[in-house]
*Asks:* 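Handing you this structure, nothing more for now.
Source: prediction; values computed, not measured.
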Amino acid sequence: VDDHIERLNADMHDMQSLLRSLQSEQEHEILRVKEATNAQKASLREQIEAHEAAIRDMDKELRLKASVADVEAVLDSKAGVEEVNQALSQVNQELESRATVEDVKT
């Protein structure tokens, strides 16, 4: 009976050692996972900040660009081909009606 109790005590001692060892391994694994998770969180934060900065830069650039309505208004106010041809014709008529250098000399 004493021999049996000693074996049970030894088994219990071995089980407690095994349990402590498993707990220690779990604690180390939990710590490793936490560190890895924190590193991933930091990396994600950096990526988010970089994307936010890029979006802010694009927003600034887009605000500086003309809108479709602005471009249409400018195009509507530009002279057409007929108007340019008419203006050139008037310029030519004015130039033809002016005196030449020979006319002025005589």
Side-chain angles (χ1 to χ4, degrees):
V1 174
D2 285 339
D3 193 35
H4 184 66
I5 291 175
E6 282 182 33
R7 274 188 277 143
L8 287 175
N9 281 337
D11 287 346
M12 186 171 71
H13 185 301
D14 289 346
M15 294 292 252
Q16 287 173 339
S17 293
L18 180 61
L19 181 60
R20 279 192 294 272
S21 175
L22 289 173
Q23 285 175 333
S24 177
E25 287 176 18
Q26 284 180 339
E27 288 171 358
H28 287 298
E29 182 65 17
I30 289 170
L31 182 61
R32 189 191 65 75
V33 169
K34 282 182 180 180
E35 289 172 352
T37 301
N38 288 339
Q40 288 176 343
K41 283 180 183 178
S43 176
L44 286 174
R45 260 189 246 100
E46 289 174 6
Q47 289 178 14
I48 289 170
E49 289 170 2
H51 289 304
E52 287 174 341
I55 289 170
R56 281 192 301 273
D57 290 345
M58 284 190 292
D59 184 55
K60 287 177 188 175
E61 287 180 29
L62 287 174
R63 290 178 191 271
L64 296 175
K65 293 186 183 250
S67 69
V68 172
D70 293 339
V71 172
E72 286 177 349
V74 169
L75 290 175
D76 287 343
S77 68
K78 286 181 70 175
V81 173
E82 290 180 16
E83 293 170 313
V84 171
N85 286 339
Q86 185 180 14
L88 288 173
S89 178
Q90 288 175 351
V91 168
N92 282 331
Q93 287 175 2
E94 286 292 322
L95 289 174
E96 288 174 4
S97 68
R98 301 237 177 214
T100 65
V101 173
E102 291 178 8
D103 291 340
V104 174
K105 286 183 180 179
T106 56

*Asks:* To the nearest 0.5 Å, what is the distance between CD (E52) and CZ (R45)?
*Replies:*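 Here the rounded value is 12.0 Å.
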*Asks:* Rounded at 0.5 Å granularity, tell me how far CD1 in I30 sits from OG1 in T37.
*Replies:*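 Going from the CD1 atom of I30 to the OG1 atom of T37 covers 11.5 Å.
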*Asks:* Can you tell whether the side chains of D3 and R7 come within less than 4.0 Å, N to carboxylate O?
*Replies:*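 A salt bridge links D3 with R7.
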*Asks:* Let me confirm one number: the CD1-CD1 distance from I55 to I48, rounded to the nearest 0.5 Å.
*Replies:*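 One gets 10.5 Å once the value is rounded to the nearest 0.5 Å.
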*Asks:* Look up atom CG in L8 and atom CE in M15, then write down how far apart they are to the nearest 0.5 Å.
*Replies:*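 L8 CG to M15 CE: 11.0 Å, rounded to 0.5 Å.
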*Asks:* Among K41, Q40, Q47, exactly one meets side-chain contact (heavy atoms from CB on, under 4.5 Å) together with S43. Which residue is that?
*Replies:*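 Among the candidates, only Q47 passes.
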*Asks:* Taking all non-hydrogen atoms of both residues, which atom of K78 and which atom of E83 are closest, and how far apart?
*Replies:*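 Here K78 and E83 meet closest at O-OE1, 4.1 Å.
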*Asks:* Just verifying a value: how many Å separate D2 CG and N9 CG, rounded to the nearest 0.5 Å?
*Replies:*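 It is 10.5 Å, given to the nearest 0.5 Å.
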*Asks:* Is it the case that the side chain of S17 and the backbone of H13 share a donor-acceptor pair, with hydrogens and angles ignored and the cut-off at 3.5 Å?
*Replies:*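 Such a contact is found between S17 side chain and H13 backbone.
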*Asks:* Have a look at L31 and tell me which of E29, E35, E27 forms a side-chain contact (heavy atoms from CB on, under 4.5 Å) with it.
*Replies:*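 Looking at E29, E35, E27, the match for L31 under the side-chain contact (heavy atoms from CB on, under 4.5 Å) is E35.
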*Asks:* Can you confirm whether E82 is buried at CD, in the sense that more than 12 heavy atoms of other residues, nucleotides or ligands lie under 6.0 Å from that atom?
*Replies:*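 Open.
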*Asks:* Could you state the interatomic distance from CE (M12) to CG (L19), rounded to the nearest 0.5 Å?
*Replies:*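 Going from the CE atom of M12 to the CG atom of L19 covers 12.5 Å.
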